Amino acid sequence: MQVTVPAGLDRKEAEVYLRLDPARLPKHIAIIMDGNGRWARRRHLPRVAGHRAGVASVRSTVETAARVKIPSLTLYAFSEENWKKRPRSEVDFLMGLLSRYLKQEVPTLNKNNIRLEYIGRQHELPKPVQEKMDWAKEATAKNTGMVLTLALNYSARAELVDAFRSIVNAAALNGGLEHVKIDEDAVSRHLYTRHLPDPDLVIRTSGEMRLSNFLLWQLAYAEIYVTPTLWPEFRGVHLLEGIAEFQKRERRYGGLNHEDTSHPHAAKAVRG
Ligand code: FPP
């Protein structure tokens, strides 16, 4: 089959893209961006230099994802824990960086038909940052291409708590808990990610093998790809390499793979 390379990919990206099956791209990729501090330390730079360098990685990853037509991309930018455990000066720097990113990036997001969304307890962020976030979301609201979701002040456990509260509140308006159906679909509909399908691929940079309280419900069946590349060095080509690895794996959702089902003594389905 003849594969056409999407416009805008550079030579290295095109090389990896040609190894992909465009019909089996992930529908939603989630990324845990990690390793900014280590990148800076290796260069004898302050930690914040790593965050600043990480913005170019965000830009490259977002553009490549949009060019190859990934429907949804979610980036873990700041966890709820980040606020509590990092020095005030670093948190302030990250806030400034985010505000500048939103201001500068809206024209590019519009050019690439990308719609911006957020997950996390937005109301706890500084007011000027919230205003910038609302402005950028509004400015991209009509775009119909990729949905870029930024996880800001996000915690998966807090999200589940908020979802359960939301279910209980909805029930109170509808005659009480005994009148509402609570199943997996209902929980999904009350999560911050109700606008998204569950991620089929999660990428973590800098070699750490943890989910760090990120999308715990939604990642139940996701493929996990951990790359040693530190976030400031991550580019669109690394995203495509992650997709290539994703396509090598077989996804069973707790069912049987083809070999097992074709065997007369097929084993019982295993989770995964
Ligand atoms: C993790 O590295 C990264 C963060 C906590 C912040 C992520 C922010 C950016 C990539 C830049 C701004 C984001 C946007 C959306 C514009 P770390 O500091 O935990 O690294 P370490 O584990 O090596 O110390």
Side-chain angles (χ1 to χ4, degrees), residues 29-66 72-109 112 114-122 124-126 128-137 139-140 146-156 192 202-215 226-236 238-239:
I29 302 177
I31 305 184
I32 304 174
M33 307 184 286
D34 195 15
N36 294 353
R38 273 161 284 169
W39 181 89
R41 199 162 55 242
R42 283 180 198 173
R43 284 165 180 71
H44 308 286
L45 295 168
R47 287 179 56 78
V48 293
H51 299 320
R52 193 184 292 122
V55 176
S57 310
V58 170
R59 200 169 282 137
S60 167
T61 305
V62 167
E63 284 206 77
T64 300
S72 307
L73 177 71
T74 298
L75 302 179
Y76 200 6
F78 319 126
S79 68
E80 200 174 74
E81 289 81 10
N82 282 160
W83 305 112
K84 294 165 192 153
K85 298 199 181 135
R86 295 193 184 216
R88 180 66 202 260
S89 57
E90 184 176 338
V91 172
D92 287 349
F93 183 89
L94 283 167
M95 285 299 109
L97 204 61
L98 172 66
S99 296
R100 281 197 301 282
Y101 169 82
L102 293 172
K103 186 159 179 261
Q104 283 167 9
E105 230 52 30
V106 160
T108 317
L109 296 179
N112 289 291
I114 298 169
R115 181 161 66 84
L116 201 52
E117 288 279 353
Y118 309 107
I119 53 172
R121 288 183 173 164
Q122 202 174 322
E124 291 174 359
L125 292 168
V129 178
Q130 287 185 45
E131 282 163 16
K132 195 58 89 338
M133 287 166 65
D134 289 341
W135 166 81
K137 182 172 163 166
T140 62
M146 187 174 84
V147 179
L148 170 63
T149 303
L150 300 181
L152 297 161
N153 192 29
Y154 176 84
S155 142
Y192 305 151
V202 58
I203 296 175
R204 182 164 189 154
T205 60
S206 90
E208 306 288 345
M209 308 272 186
R210 289 188 295 280
L211 287 179
S212 297
N213 204 7
F214 186 45
L215 301 176
V226 175
T227 167
T229 305
L230 303 176
W231 180 252
E233 282 161 0
F234 194 90
R235 290 292 179 274
H238 301 105
L239 178 82

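We number each residue from 1, following the sequence as shown. Ligands are counted one by one from 1 in listed order, and the atoms in each one are counted from 1 as well. Quick caveat: nothing in here was measured; it's all calculated off a predicted structure. Note: hydrogens, waters and symmetry copies are ignored here, and every other heavy atom, side chains too, is used.
In terms of protein heavy atoms, atom 14 (C) of ligand 1 is closest to V58 CG2, 4.3 Å. Scanning all protein heavy atoms for the shortest distance to atom 12 (C) of ligand 1 gives L97 CD2, 3.9 Å. Among all protein heavy atoms, the one lying closest to atom 9 (C) of ligand 1 is N36 ND2, 3.8 Å. For atom 1 (C) of ligand 1, the closest non-hydrogen atom of the protein is M33 O, 3.3 Å. Among all non-hydrogen protein atoms, the one lying nearest atom 11 (C) of ligand 1 is H51 O, 3.6 Å.
Of all atoms in ligand 1, listed by their number and element, those nearer than 4.0 Å to a heavy atom of A77 are 4 (C), 5 (C), 6 (C), 7 (C). Distances below 4.0 Å separate heavy atoms of N82 from the following atoms of ligand 1: 5 (C). Close contacts of ligand 1 with R47, meaning ligand atoms under 4.0 Å from a residue heavy atom, involve 17 (P), 18 (O), 24 (O). When each atom of ligand 1 is checked for a heavy atom of Y101 under 4.0 Å away, the hits are 16 (C). Of all atoms in ligand 1, listed by their number and element, those nearer than 4.0 Å to a heavy atom of G37 are 17 (P), 18 (O), 20 (O), 21 (P), 23 (O), 24 (O). In the vicinity of W231, heavy-atom distances shorter than 4.0 Å reach the ligand 1 atoms 10 (C). Atoms of ligand 1 found under 4.0 Å from any heavy atom of R38 (numbered from 1 in listed order, with element): 21 (P), 22 (O), 23 (O).
No side-chain heavy atom of R59 sits less than 4.5 Å from a side-chain heavy atom of T108. Residues T140 and I114 fail the side-chain proximity criterion, which asks for heavy atoms closer than 4.5 Å. No side-chain heavy atom of Y76 sits under 4.5 Å from any side-chain heavy atom of L215. In this structure the side chain of F78 never reaches within 4.5 angstrom of the side chain of N153, judged on heavy atoms.
A salt bridge links R38 with E208; the closest basic N to acidic carboxylate O contact falls under 4.0 Å.
When atom types are taken as modelled, the side chain of N82 and the backbone of S79 share a donor-acceptor pair closer than 3.5 angstrom.
In this structure, L75 has no heavy atom closer than 4.0 Å to ligand 1. In this structure, E105 falls outside the shell of residues with a heavy atom less than 4.0 angstrom from ligand 1. Contact between S206 and ligand 1 is absent, with no heavy atom of the residue lying under 4.0 Å from the ligand. The closest approach between R86 and ligand 1 falls below 4.0 Å for a heavy atom of the residue.
Each of R47, R52, K85 was scored for a salt bridge (Lys or Arg N to Asp or Glu O under 4.0 Å) with E90, with one residue passing: R47.
Below 30°, between 30° and 60°, or above 60°: for W231 and F234 the angle between ring planes is below 30°, a parallel geometry.
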Exercise for the section: Kindly indicate, with the supporting measurements, whether the criterion side chain to side chain contact (heavy atoms under 4.5 Å, CB included) is fulfilled by L102 and V129. Expected result: CA-CA 10 Å; L102 293 172; V129 178; 5.7 Å; no
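A pairwise comparison of heavy atoms in A65 and M146 identifies CB-SD, 3.7 Å as the closest pair.
Neither side chain, R235 nor T61, offers a donor N or O lying under 3.5 Å from an acceptor on the other.
No N or O atom of Y76 sits closer than 3.5 Å to an N or O atom of ligand 1.
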